[in-house]
Amino acid sequence: MASIKLKNLCKTYKGGTVRAVDDVSLEIKDKEFIVLVGPSGCGKSTTLRMIAGLEDVSSGNIWIGDRLVNDIPPKDRDIAMVFQNYALYPHMTVFENMAFGLKLRNYPKAEIVRRVHEAAEILNMTRYLTRRPRQLSGGECQRVALGRAIVRKPKVFLFDEPLSNLDAKMRVTMRTEIHKLRMRLQTTFIYVTHDQTEAMTMGDRIVVMKSGVIHQCAEPMTIYDKPVNKFVASFIGTPPINLLPGQIVKKEKRFYFDEGRFRVKIMDDMNDRIAPYADKNVVLGIRSEDVYDKLFVSMASVDNTIRVTCEVVEPLGSDVYLYLNTGKNSFIARVGAHNRPEVNRDMEVVFDMRKVHFFDPQTETAII
């Protein structure tokens, strides 16, 4: 097994004018499952490819265990990579695809057979070993790609958006399979995705990237509950966090957020952090599940109740999304399935002020 350390890692293109990865430093513990997440072009896959040795490092260092691997070829790094497109040989059987890498390394035939059957049993693929890729579903092809990595018994598994080609139901199934695989193999996993649901459900820690820079690295619920800036807050969570611009107003030693059409009182234990922003603009962030229909809660008061127009009601089975408008800004409430207000009618909603975030409108960093 192995830990991984990235120190001031950079990757530039076009003569140094385009920086895809910008001074990334990260320590990954032995047996940890780390997820790199961010929008397209944020540098997550480039970072993964540098760890794998498929991209040269422009500057900085990569250690796998206690070994500096910058100049070590991919085949000698003791890693295995699973790609988005499976990369299976169509003319080979499942067994042959899984065994191919071991044959190239001149493993004894008996050892190849043992390892392939062991991996196939882990993945519940034994009955498919004589089939070819065209006879398999997308999920089964991805299992073969996983099996090809497992037989190597590497120190580190690298996954580059392996589920993005699968349908929604199969993605959920494969997330569970990869999680079980991790628990069984007890090795280091680095997983790249643009899907924040995958990140939240799979990683021990999440690394949120944008424009080649790490914005936050923490456990999933820390990322969700305590985002360091507006980008992280808006990227993690479905639906995205509601962001409402407004101003901090002080009245009789109390602080309020004034959106222009409504005013809500800020919790007293937030006063010290919000005080420097008195009479200044801020952005309030509140997640959809922290907005309630006043008819269904007992925590309502004039200090945290606002009047809005319900523009759209979107039933989603166990939840209902309410698309609300203050007359100045729009936002979303996620409520229970029983809650179906009339469309284009005014209603009152309650903000859970214990759960709000405030962001500086210029720096976009979190105030609270």
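- Within the 4.5 Å cutoff, side-chain heavy atoms of Phe358 are placed close to those of Val356.
- Taking the six-membered ring for Trp and the full ring otherwise, His338 and Phe296 have centroids separated by under 6.0 Å.
- Between Leu129 and Val116, the closest side-chain pair of non-hydrogen atoms falls below 4.5 Å.
- Sorted by first and then second residue, the pairs that involve residues 273-295 and meet salt bridge (Lys or Arg N to Asp or Glu O under 4.0 Å), not counting sequence neighbours, are Glu289-Arg334, Asp290-Lys355, Lys294-Glu348.
- Scanning both residues, Ala149 and Pro154, for their nearest heavy atoms gives O-CD, 3.5 Å.
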Item to complete: Could you please spell out the steps behind the side chain to side chain donor-acceptor pair (under 3.5 Å) verdict for Ser45 and Asp160?
Response: CA-CA 7 Å; Ser45 289; Asp160 191 6; 2.8 Å; yes

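- Just one residue in the list Glu32, Gln216, Glu219 forms a side-chain hydrogen bond (donor to acceptor under 3.5 Å, both in side chains) with Arg205, and that residue is Glu32.
- Sparse packing is recorded around CG of Asp66, with 12 or fewer heavy atoms of other residues, nucleotides or ligands lying under 6.0 Å away.
- Not a single donor-acceptor pair under 3.5 Å links the side chain of Asn325 to the backbone N or O of Val308.
- A side-chain donor-acceptor contact under 3.5 Å links Glu140 to the backbone of Ser137.
- A distance-only check finds a donor-acceptor pair linking the side chain of Arg105 to the backbone of Gly101 [under 3.5 Å].
- Tyr323 and Glu314 share a donor-acceptor pair across their side chains, judged by distance under 3.5 Å alone.
- Separation of atoms CZ (Arg171) and CZ (Arg175) is listed at 8.0 Å; rounding is to 0.5 Å.
- Side-chain atoms of Glu311 and Asn344 form no donor-acceptor pair, as typed in the model, at a separation below 3.5 Å.
- More than 12 heavy atoms of other residues, nucleotides or ligands lie within 6.0 Å of CZ in Arg307, so this atom counts as buried by the packing criterion.
- Considering only heavy atoms from C-beta on, Leu284 stays 4.5 Å or farther from Leu243 through its side chain.
- Checked against the 6.0 Å centroid criterion, the rings of Phe351 and Phe331 qualify as a close aromatic pair.
- Between the CG atom in Leu26 and the CD1 atom in Ile51 there is a gap of 7.5 Å [rounded to 0.5 Å].
- You'll find the side chain of Val228 stays beyond 4.5 Å of the side chain of Thr365, heavy atoms only.
- Atom CG of Asp272 has 12 or fewer heavy atoms from other residues, nucleotides or ligands within 6.0 Å.
- Between Arg182 and Asp204 there is a salt bridge, with a side-chain nitrogen of the basic residue lying less than 4.0 Å from a carboxylate oxygen of the acidic one.
- Annotation: the span from Leu181 atom CG to Met174 atom CE amounts to 9.0 Å, rounded to 0.5 Å.
- Cation-pi geometry between Lys230 and Phe359 is not met at under 6.0 angstrom from the ring centre and within 45 degrees of the axis.
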Item to complete: Start with the C-alpha gap between Asp23 and Val213, add the side-chain angles, then the distance that decides, and say whether side-chain contact (heavy atoms from CB on, under 4.5 Å) holds.
Response: CA-CA 7 Å; Asp23 198 31; Val213 175; over 6 Å; no

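- Between the Thr201 side chain and the Thr197 main chain, a donor and an acceptor come within less than 3.5 Å of each other.
- Here salt bridge (Lys or Arg N to Asp or Glu O under 4.0 Å) pairs that include residues 117-129, with residues two or more places apart or in two chains, are Arg114-Glu118, Glu118-Lys153.
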Fill in: Criterion salt bridge (Lys or Arg N to Asp or Glu O under 4.0 Å) on Glu259 and Lys328, from CA distance to verdict
CA-CA 8 Å; Glu259 182 256 7; Lys328 187 176 181 181; 5.8 Å; no

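- Here the side chain of Thr188 pairs no donor or acceptor atom with the backbone of Asp30 at under 3.5 angstrom.
- Between Arg354 and Asp352 there is a salt bridge, since at least one side-chain N of the basic residue sits less than 4.0 Å from a carboxylate O of the acidic one.
- The closest side-chain donor-acceptor pair between Thr238 and Gln196 falls under 3.5 angstrom.
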Practice prompt. Tell me, with the steps shown, if Lys11 and Asp56 meet side-chain contact (heavy atoms from CB on, under 4.5 Å).
Written response: CA-CA 8 Å; Lys11 179 64 180 180; Asp56 293 332; 4.1 Å; yes

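- The aromatic rings of Tyr89 and His91 sit perpendicular, their planes meeting at an angle over 60°, well past the 30° parallel limit.
- Under a hydrophobic clustering in which Ile, Leu, Val, Met, Phe, Trp and Tyr are joined whenever their side-chain heavy atoms come within less than 4.5 Å, directly or via other members, Met170 and Ile178 fall into the same cluster.
- Looking at heavy atoms from C-beta onward, Ser330 lies out of side-chain contact with Leu324 at the 4.5 angstrom threshold.
- Checked by atom type, the side-chain pair Asp360/Tyr277 shows a donor-acceptor distance below 3.5 Å.
- Between the side chains of Asp346 and Thr309, a donor-acceptor pair is found at a separation under 3.5 Å.
- By the 4.5 Å heavy-atom criterion applied to side chains, Thr47 and Leu36 are counted as neighbours.
- When each of Lys44, Glu161, Gln84, Glu198 is tested with Thr193 by the rule side-chain hydrogen bond (donor to acceptor under 3.5 Å, both in side chains), just one qualifies, namely Glu198.
- A cation-pi arrangement is absent between Lys109 and Tyr107 under the rule of less than 6.0 angstrom and at most 45 degrees off the ring axis.
- Formation of a donor-acceptor pair under 3.5 Å by the Asn304 side chain with backbone atoms of Ser301 is found in this model.
- Here the OH atom belonging to Tyr256 is positioned 11.0 Å from the CG atom belonging to Asp258, to the nearest 0.5 angstrom.
- Checking side-chain atoms of Thr176 against main-chain N and O of Val172 turns up a donor-acceptor pair under 3.5 Å.
- Atom CG of residue Asn165 and atom SG of residue Cys141 lie 10.5 Å apart, to the nearest 0.5 angstrom.
- Not one N or O on the side chain of Asp268 forms a donor-acceptor pair closer than 3.5 Å with the backbone of Phe255.
- Distance check, rounded to the nearest 0.5 Å: OH of Tyr292 to CG of Asn339 gives 13.0 Å.
- Side chain of Asn97 to backbone of Thr93: a donor-acceptor contact under 3.5 angstrom is found.
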Item to complete: Check step by step if side chain to side chain donor-acceptor pair (under 3.5 Å) holds for Ser3 and Glu27.
Response: CA-CA 8 Å; Ser3 59; Glu27 292 193 25; over 6 Å; no

Fill in: Ile64 vs Asp78, side-chain contact (heavy atoms from CB on, under 4.5 Å): CA-CA, chis, key distance, verdict
CA-CA 9 Å; Ile64 298 179; Asp78 203 4; over 6 Å; no

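- Using a 4.5 Å heavy-atom threshold, the side chains of Thr305 and Val349 count as separate.
- Side-chain contact between Tyr191 and Leu163: present, with at least one pair of heavy atoms (C-beta onward) separated by less than 4.5 Å.
- In terms of modelled atom types and a separation under 3.5 Å, the side chain of Gln186 and the main chain of Met183 share a donor-acceptor contact.
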